[in-house]
Colleague: 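If you scroll down you'll find the structure; I have some questions about it.
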Amino acid sequence: MNYNPEELKNRYEEFPHGKPRMDGIKAAIEAADQNNDVPFMIYFREQMCHESCYYGDTMYMMVIFPEMLSIIDKYPDTPSTQFDSAYVNALDHIIWIYKWLISECSSFYQISMEDCLKFFEDYKKRSAAFGYNLKPYYRALYYFYKFDDGKREEAFHKFEKTPRDANSDCHACERNTEIEFYLNKGSFGKAVELSKDIENFKLRCGDYWDAWLRMKISFLEYYLDNCMFEEATEIAMILERKINEKAEYQVWGTIMNCYAHTKPGRALRVYKKHWKELEDYTPFDTFESVRNVCSFWDKINRDGKETVKLQLDRTFLLYNEDNTYKTEDLFNYYYNMAKDIAEKFDKRNNSGSYMEKLSESLEIAKK
C-alpha cells in the first residue's frame, strides 16, 4: 500500500474522539516513521497530543511529547505541513503544544517534582529562543502550584502583568484564569465583572460553549465551597444540559455534591447515569471527582438513607448481585480512593494541601 499522509489523516478523522481516533493516529505515526517523513512524524504526534489531551488518555501526551522534542532537536529546521501552515515551522507548533504539557504536569503525581520543573525550564528556554515572552509560562505555573498559595499568587501576578504576544493563549482562556484566581481570593464582584464578556459570548474559545463552560464551572465550585447551595444548584442544572464530550467538563461529581444539599433524588439519578465516568480521568481530575462523590455519599448517609438500590455491573469493585448497597460502604469506597490520590500528590509536592482539601469537602457535607 502506497504511503499517503493526507489519506491517513482523512481516515483517522472519520473515527470518533477518544481511543478509536487515537488508534488511527497511532497507525499514521507508524507509517510516517517507516517512511522517514519527518514533517508528518512530528505532525501526527502533534495530533496525538491534541486527541489525548482533550478526548483520551492525557498521560499518553506526556509520553509522546518528548518523542516530538527529540525529533525536532534532531531536525530543527523541519517545515510545517500543509495542515499547520499558520506556524513558522514545526518547532513553532511544538512550542504551542508545549503549553498543554506543562499545564498538565499538575495532573499527574507520577511525574516527579524534578521532572515537572525540568519541563517548565525547558519550555522557558525554548520560548525565549523563539522570541516569545513568558505569559503562558506563568499561567501554567499558576495552575501547577495548587499546593503553594504564595508561589501560585506570585505566578498569577507575573502572568497578569506580562503583555500578550503571538504565543499567548486565547483571550477567553486567559480571562478564565483571572476569574478563577479572583474567585479563589474571595473577590466575587471582580470575578463577576471579568466574566461578562464570556457570559455574553464576546470572548469565546474553541467550540462555541468551551470558555462559557469553564467559567460556569469556576462559579459552581465557588458556590459549593462557600455553602451557597441554591446558587450552585442553579448553575448545575444548566451545566447538566450543556456539558459536552470533552473530559475537562465532566464535573458530575461536583454536580452530585451540589445536589446532595438541594435535590438528593436528582443527585442519585446523576450517579446512576455517570458512575462509570467518575474515576476515568487524570489523577488530579479523579481526585476532584471522587472527593465530591464521597462527600455526596457522606451527606446522603448523614441524612438517614442507609441503603440504595443501584443497577451497577461487575466492573464496580463493590458489586453485589442483589443491587443493594450501603451508603456508608459507598462513602468509604470513594473516600479511600480520594485519600490515596491525595497522599500521593502531597508526597510529590511535599505538602498537605490535598488532604486538607478532602477534609474541607467533608466539612461541607455536614452542612
Side-chain angles (χ1 to χ4, degrees), residues 1-108 110-111 115-116 118-127 129-130 132 136-137 140 166-167 169-170 173 206 245-248 281-282:
M1 181 177 177
N2 293 331
Y3 168 69
N4 185 326
E6 292 87 352
E7 185 177 315
L8 289 168
K9 176 178 170 63
N10 291 335
R11 190 180 305 160
Y12 67 65
E13 287 188 340
E14 293 176 356
F15 300 145
H17 286 299
K19 188 177 185 303
R21 189 170 295 195
M22 287 179 68
D23 288 342
I25 300 173
K26 284 179 186 177
I29 289 172
E30 290 172 2
D33 289 353
Q34 289 169 3
N35 288 273
N36 199 34
D37 185 351
V38 176
F40 276 95
M41 288 166 63
I42 295 169
Y43 177 76
F44 288 141
R45 284 174 170 82
E46 292 168 346
Q47 291 275 283
M48 180 64 83
C49 285
H50 180 272
E51 190 66 24
S52 63
C53 183
Y54 290 101
Y55 298 99
D57 180 0
T58 310
M59 188 63 180
Y60 197 73
M61 178 181 70
M62 313 303 282
V63 175
I64 204 76
F65 188 87
E67 290 183 13
M68 280 200 304
L69 286 183
S70 178
I71 295 169
I72 201 70
D73 285 343
K74 189 175 180 180
Y75 305 102
D77 298 320
T78 301
S80 297
T81 70
Q82 65 268 37
F83 299 113
D84 54 354
S85 58
Y87 297 93
V88 174
N89 58 23
L91 176 59
D92 191 17
H93 195 178
I94 283 180
I95 289 175
W96 181 269
I97 295 171
Y98 212 153
K99 294 184 293 185
W100 307 345
L101 180 128
I102 59 174
S103 294
E104 290 294 341
C105 281
S106 61
S107 297
F108 296 94
Q110 298 96 324
I111 305 174
D115 286 342
C116 288
K118 281 181 180 178
F119 278 131
F120 273 97
E121 188 61 27
D122 185 59
Y123 171 80
K124 184 177 180 180
K125 289 178 180 177
R126 290 175 187 269
S127 295
F130 218 74
Y132 293 132
Y137 167 84
N167 195 46
D169 297 303
C170 77
C173 288
E245 62 188 338
K246 292 182 181 179
E248 65 180 297
Y281 307 117
T282 68

Colleague: Are Gln34 and Tyr3 close enough that a side-chain donor and a side-chain acceptor fall under 3.5 Å?
Modeller: no
Colleague: Tell me every residue that passes side-chain contact (heavy atoms from CB on, under 4.5 Å) with Thr78, counting only those two or more places apart in sequence or in another chain.
Modeller: Val38, Pro39, Ile42, Ile72, Tyr75, Ala90
Colleague: Would you call Arg11 and Glu7 a salt bridge, taking side-chain N to carboxylate O under 4.0 Å as the test?
Modeller: yes
Colleague: Closest approach of Met22 and Met48, non-hydrogen atoms and distance?
Modeller: O-CE, 3.2 Å
Colleague: Can you name the side-chain hydrogen bond (donor to acceptor under 3.5 Å, both in side chains) partners of Glu6, sequence neighbours left out?
Modeller: Gln82
Colleague: Can you name the nearest heavy-atom pair linking Pro5 to Phe44, along with the distance?
Modeller: O-CZ, 3.6 Å
Colleague: Write down the atom of Arg21, the atom of Glu13, and the distance for their closest heavy-atom approach.
Modeller: NH2-O, 3.1 Å
Colleague: Which pair of non-hydrogen atoms, one from Trp96 and one from Ala166, has the smallest distance, and what is that distance?
Modeller: CZ3-O, 4.2 Å
Colleague: Hey, does His50 have a side-chain heavy atom less than 4.5 Å from the side chain of Trp100?
Modeller: yes
Colleague: Quick test of your reading of the model: are Asp122 and Lys118 salt-bridged, counting only N-O distances below 4.0 Å?
Modeller: no
Colleague: So Tyr43 and Phe40, would you call those rings parallel, tilted or perpendicular, with 30° and 60° as cut-offs?
Modeller: perpendicular
Colleague: With a 3.5 Å distance limit and no angle check, can you tell me whether Asn35 reaches the backbone of Ala31 through a side-chain donor-acceptor pair?
Modeller: yes
Colleague: Asp73 and Ser70: side-chain donor and acceptor closer than 3.5 Å?
Modeller: no
